[in-house]
Amino acid sequence: MSDITKQSLSELVENIKGKKLSSSEVTKAFVERSEKSKELNAYITEDYANALNKAKKFDEKPNLNLKLPGIPMAVKDLFCTRDLRTTAGSKILNNFVPTYESTVTQNIWNEGAILMGKLNCDEFAMGSSNETSFFGNVQNPIDKNLVPGGSSGGSSSAVAAQLTPITIGTDTGGSIRQPASFTGTVGLKPTYGSCSRYGIVAFASSLDQAGPMAQNVKDCALLQEVISTYDEKDSTSIDFKRNEYSKELTKDIKGKKIGIPKEYRVDGMPKEIEDLWKKGIEYAKDCGAEIIDISLPHTNYALPTYYIVAPAEASSNLARYDGVKYGFRAEGENLIDMYEKTRSKGFGAEVQRRIMIGTYVLSSGYYDAYYLKAQKVRKLIKNDFDYAYKKVDAILTPSTPSSAFKIGEKTNDPVSMYLNDIFTVPVNLAGLPGISIPAGHDAKGYPLGLQIIGKAFDEQNILNIAYAMEEKINFKNNINDWWIK
Amino acid sequence: MSKNKSEYLINRHDNQYEVVIGLEVHAQVTSESKLFSTSATKFGGEPNTQVSLVDAAFPGMLPVINEYCVKQAIKTGIGLKAKINKRSVFDRKNYFYADLPQGYQISQFKDPIVGEGKVILDMPDGQKEVGIERLHLEQDAGKSIHDLDPKNTFVDLNRSGVALMEIVSKPDLRSPDEVNAYIKKLRSIMRYLGTCDGNMQEGSLRADVNVSVRKKGSKEFGTRCEIKNVNSIKFMQMAIEYEANRQVDLIEDGQTIDQETRLFDTKKNETRSMRSKEDAHDYRYFPDPDLLPLEVSDDFIENLKSEIPELPDEKKKRFIEKFKLSPYEANILVSDIETSNYFENVIKKSDVKLATNWIIGELFAALNEKNLEITESPISAGNLSKLINLIKDGTISGKIAKTVFEQMMEGDKDPQKIVEEKGLKQESDPKALEALIDKVIDDNRDKATEYKSGKVKLFGFFVGQVMKVSGGKANPQLVNEILMKKL
């Protein structure tokens, strides 16, 4: 089969289970396409030889009862993988090889999948364009000059370019949904506490959540079903009844109440986005959903709140990268000098900026005005959603305020970069699940996404809505493999 | 000096200064594993052999609270008659140091697990209550070793992540003696509870000492200095004495005291400035987002209350009321749980008064001489009670008992057997004693005559002679009676 890499995860699983394809054939196809796609710079670390070996081993004794039988997969380089370098896109972890495996990736391997390599991302997941990576920016397969979004930019690029049938990213303020939107793919940010954070390089602990990124909703549901488990090793993991999302997936969303928050009509929002949203509302109606206008009054404060809470936690989470125990170390005259040189040379500019912001907002004398106030506002934002969910089952918004922007376009304007997360950030602050599905193209032909936000632990519902709308939208990505010579 | 003899004041010229002391005691929680990881906590392991990925702060590693340590902290709170907070929060205390792998210490800042409590001290002039401000749980750091290499510092992370209870007193202490009594009492309570072994040599108990001085009678507190990490009571006392005098000298000299952190140099017996208030760390405390607030139910606390043993104050009261001990005796016997257990085992089968005297007197002296703890006593409680019974029933005299006791100290021998083997049994047969006494009188005819002519002081001589001839075994009471008759 020459078009292996064009198949969705669900098709591949079916073909391997039906013995129409072997794991080796599938793995070889994706490895070959990945090798031909170096220009995208989606990978930080390739592990193709091992992947092919594992595929061979799988084929010798295939366990076809698994959910991801012999499926090759590359993952964001924020997940610690045993014996394979894990960098978080940073120089400071350039040489770091974990002796342990993150719970989320372990869950994936337990279901038969095979690791192909580690995908590029913004340094410590701090960025919206994958341009802060120490390993260079990633190109969007849609267009050579476009960013793939971030921070899971390697992941979105790799899925859209079919270098991996599916992948996982992490989402702290939009890092799964925004790149999915920029690349015409599907990305789910699960409820906080749904996927274990154990073994994921931390950015902002109270916001970080791993989630699936796929070409379609069904694949996304299947992977979510695999990665979401209760984990005693993560104290914020929540023990709730998890569905078999892919099995329970249905397009019947008749009578579902979908809220449209007026506060998401932000000033200066491009007409294309406004039109996309309107189109989305029509699709939802076509699916039998009931549209209800709602208000999320504190939406305006979400972005500033996020840019206090996230850097505060990050400034502390990143203190462990000090050159003492592992990772990059710059020699110094004494301990303090070594710290300063290690961290100045080891971290990039955006990471340093956020460490400084975080350190500042936690400083004595500023704590109450910034961090404490941000926590209070965060509670108000959560209350907004709680109140809205008394009336509706889910909320529909655009995923991003624009389509993918050009490489270099916003690198010198951090605030404009931060504004990219305006629709996704409130969801993280409230700990809710949100999914971005491709819903159309702008005038330039770049993909645009719609976001469906659910109640906590109600992933099934937003997956169902996304599944139903996906069919009506019938989105097709325009990718012409420009990077393959 | 003041009227109150035990009042500790510093005199300079015409001024009298009172010393105000508050302690932050760091007590290592007795627990097999660390506060947020499953690594072992055993003291003295090879460097870096008791370190998990969590303790060494590897990327993506997360803390998970050890329920046992939480129980231990709550028990300690109950022992300190303190308020147990059903909701407490773990915070991050951020600072950089080579032996702090996370770059922050997980501690409790605004919402500690235990609130206000108290400790009662028995001072020579009566009881004194010392307020407890709070008790919170926190992680210990690793250990930096600077003296193994001229250029490099070595780091041992075995201690990294070990659970500590920081117990903060109110500034209620007024003298080095009170500090001594306070630490000992705290240690005693925790050892009764089994929540901290109190071993200061192994660093299980150390303290930061806050010292200020003020003119006697003043209600305002003076500016305080904090002396960091003092690891013996003696050093604490020396440091306080030095620091209080230093502050008084400054005041008398018209200078002000800078609020600062100081170190105690045990070799020079002085405190030295470590960092001033201006240089104080900004720890940027904030709630640890990796840990949810710690919530405990009433049932959880009630269950722990039911596990609390009789504590020293209650035990002391019982000893005084039930066994008619003096407060002094009771204090000594309850000071640590092993001693009180030993005492109670001895008196199960023997006389309380004699047992008290023998334990506080002979046994303590002998153990002290051999540098042994009561738990290492060569004489078991059972054998000591046998010895006391031999005295009580007249089998041996108190004097012989001391000889037997000495032999028992050489190994846990049965006193009955020693008495039999060595023929130490007291001679209480009047006929045998009469024969003995007749012989002594006979051999000392001249002295007997002198006695009879009024030199009554010689009676003692005859008692001594009889005891000597009997090899110390003669029953002294009978000897007296018979001698009296015969002379």
Side-chain angles (χ1 to χ4, degrees), chain A residues 78-80 86-88 93 96 98-103 124 193 196-202 204-208 231-237 309 312-313 315-327 334-336 338-339 343 358-367 371-372 375, chain B residues 35-38 48 51-67 89-106 109-110 141-142 144 146 151-155 157 160 277 280-295:
Chain A
L78 214 64
F79 294 87
C80 289
T86 300
T87 69
L93 286 175
F96 178 66
T99 56
Y100 49 94
E101 188 79 31
S102 83
T103 298
F124 287 100
S196 171
R197 293 185 296 111
Y198 177 86
I200 302 174
V201 176
S205 312
S206 75
L207 301 158
D208 293 346
D231 185 7
E232 286 181 346
K233 289 185 282 188
D234 173 0
S235 307
T236 61
S237 176
V309 174
E313 293 180 11
S315 71
S316 176
N317 280 337
L318 269 58
R320 64 187 57 199
Y321 309 107
D322 57 5
V324 174
K325 306 162 292 277
Y326 48 76
N334 51 44
L335 184 65
I336 301 290
M338 187 277 282
Y339 283 154
R343 290 169 65 83
T359 303
Y360 177 78
V361 299
L362 289 175
S363 298
S364 106
Y366 299 94
Y367 180 87
Y371 185 78
L372 203 60
Q375 289 298 357
Chain B
L35 184 53
F36 295 111
S37 80
T38 51
N48 297 312
V51 187
S52 73
L53 294 164
V54 175
D55 308 325
F58 271 64
M61 291 299 102
L62 300 169
V64 177
I65 185 80
N66 178 342
E67 186 180 326
V89 176
F90 285 100
D91 296 280
R92 291 185 184 177
K93 178 180 180 180
N94 295 283
Y95 66 96
F96 282 91
Y97 203 63
D99 59 22
L100 187 74
Q102 292 168 141
Y104 54 83
Q105 176 195 31
I106 305 177
F109 185 52
K110 278 191 189 141
S144 289
H146 300 289
K151 277 192 173 157
N152 296 299
T153 294
F154 290 85
V155 175
L157 295 181
S160 168
K277 194 185 174 192
H281 287 131
D282 182 352
Y283 290 118
R284 308 190 310 281
Y285 281 101
F286 76 108
D288 190 331
D290 285 334
L291 293 161
L292 300 172
L294 180 62
E295 281 171 13

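The chains referred to below are lettered A, B, ... by the order of the sequence lines, with proteins before strands, and numbering in each begins at 1.
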(request) Check whether any side-chain heavy atom of B:Ile106 lies under 4.5 Å from a side-chain heavy atom of B:Leu291, and answer yes or no. (result)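 Side chain of B:Ile106 against side chain of B:Leu291, heavy atoms only: contact under 4.5 Å found.
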Contact part of [X] toward chain A, heavy-atom cut-off under 4.5 Å: side chain, backbone, both or neither?
X        : result
B:Tyr97  : both
B:Tyr104 : side chain
B:Asp282 : side chain

Determine the option with the most heavy-atom pairs under 4.5 angstrom with chain A, choosing from [options].
options                               : result
B:Leu157, B:Asp290, B:Val155, B:Val64 : B:Asp290
B:Ala98, B:Gly103, B:Pro101, B:Pro287 : B:Pro101
B:Ala57, B:Pro63, B:Pro59             : B:Pro59

Approximate separation, where rounding is to 0.5 Å, of [X] [atom1] and [Y] [atom2]:
X        : Y        : atom1 : atom2 : value
A:Arg320 : A:Lys325 : CZ    : NZ    : 7.5 Å
B:Asp91  : B:Gln105 : CG    : CD    : 11.0 Å
B:Ile65  : B:Ser37  : CD1   : OG    : 11.0 Å

Return the option, out of [options], with the maximum number of heavy-atom pairs under 4.5 Å with chain B.
options                               : value
A:Tyr366, A:Tyr321, A:Tyr100          : A:Tyr100
A:Leu93, A:Asn317, A:Thr86            : A:Asn317
A:Thr236, A:Thr99, A:Val324, A:Leu372 : A:Thr236
A:Thr359, A:Asp234, A:Leu78           : A:Thr359
A:Ala202, A:Gly323, A:Ser316, A:Cys80 : A:Ser316

(request) Identify, with sequence neighbours excluded, every residue that meets side-chain contact (heavy atoms from CB on, under 4.5 Å) alongside A:Gln375. (result)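 Testing A:Gln375 for side-chain contact (heavy atoms from CB on, under 4.5 Å), a comparison that skips the adjacent residues, returns A:Val309, A:Tyr371, A:Arg378.
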Is [X] close to chain B through its backbone or its side chain, or both, or neither, when contacts mean heavy atoms under 4.5 Å?
X        : result
A:Leu335 : side chain
A:Ala88  : neither
A:Tyr198 : both
A:Ser363 : both

(request) Indicate, with yes or no, if the rings of A:Tyr326 and B:Phe58 have centres closer together than 6.0 Å. (result)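 Judged by ring-centre distance (under 6.0 Å), A:Tyr326 and B:Phe58 do meet the cut-off.
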(message) Which residues pass the side chain to side chain donor-acceptor pair (under 3.5 Å) test with A:Ser364, not counting sequence neighbours?
(response)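 Partners of A:Ser364 under the side chain to side chain donor-acceptor pair (under 3.5 Å) test: none.
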(request) Determine, step by step, whether B:Tyr283 and B:Phe109 satisfy the ring pair (Phe, Tyr, Trp, His ring centres under 6.0 Å) criterion, reporting the C-alpha distance in whole Å, the side-chain angles of both residues, the deciding distance to 0.1 Å, and the verdict. (result) CA-CA 11 Å; B:Tyr283 290 118; B:Phe109 185 52; 9.1 Å; no
(request) Grab the two heavy atoms, one from B:Met61 and one from B:Val54, that are nearest each other, plus how far apart they are. (result)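 Smallest interatomic distance, heavy atoms only, reads CB-CA, 4.0 Å.
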(message) Assess, by modelled atom type and distance only, whether the side chains of B:Asp99 and B:Ser144 contain a donor and an acceptor separated by less than 3.5 Å.
(response)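 Short answer, yes.
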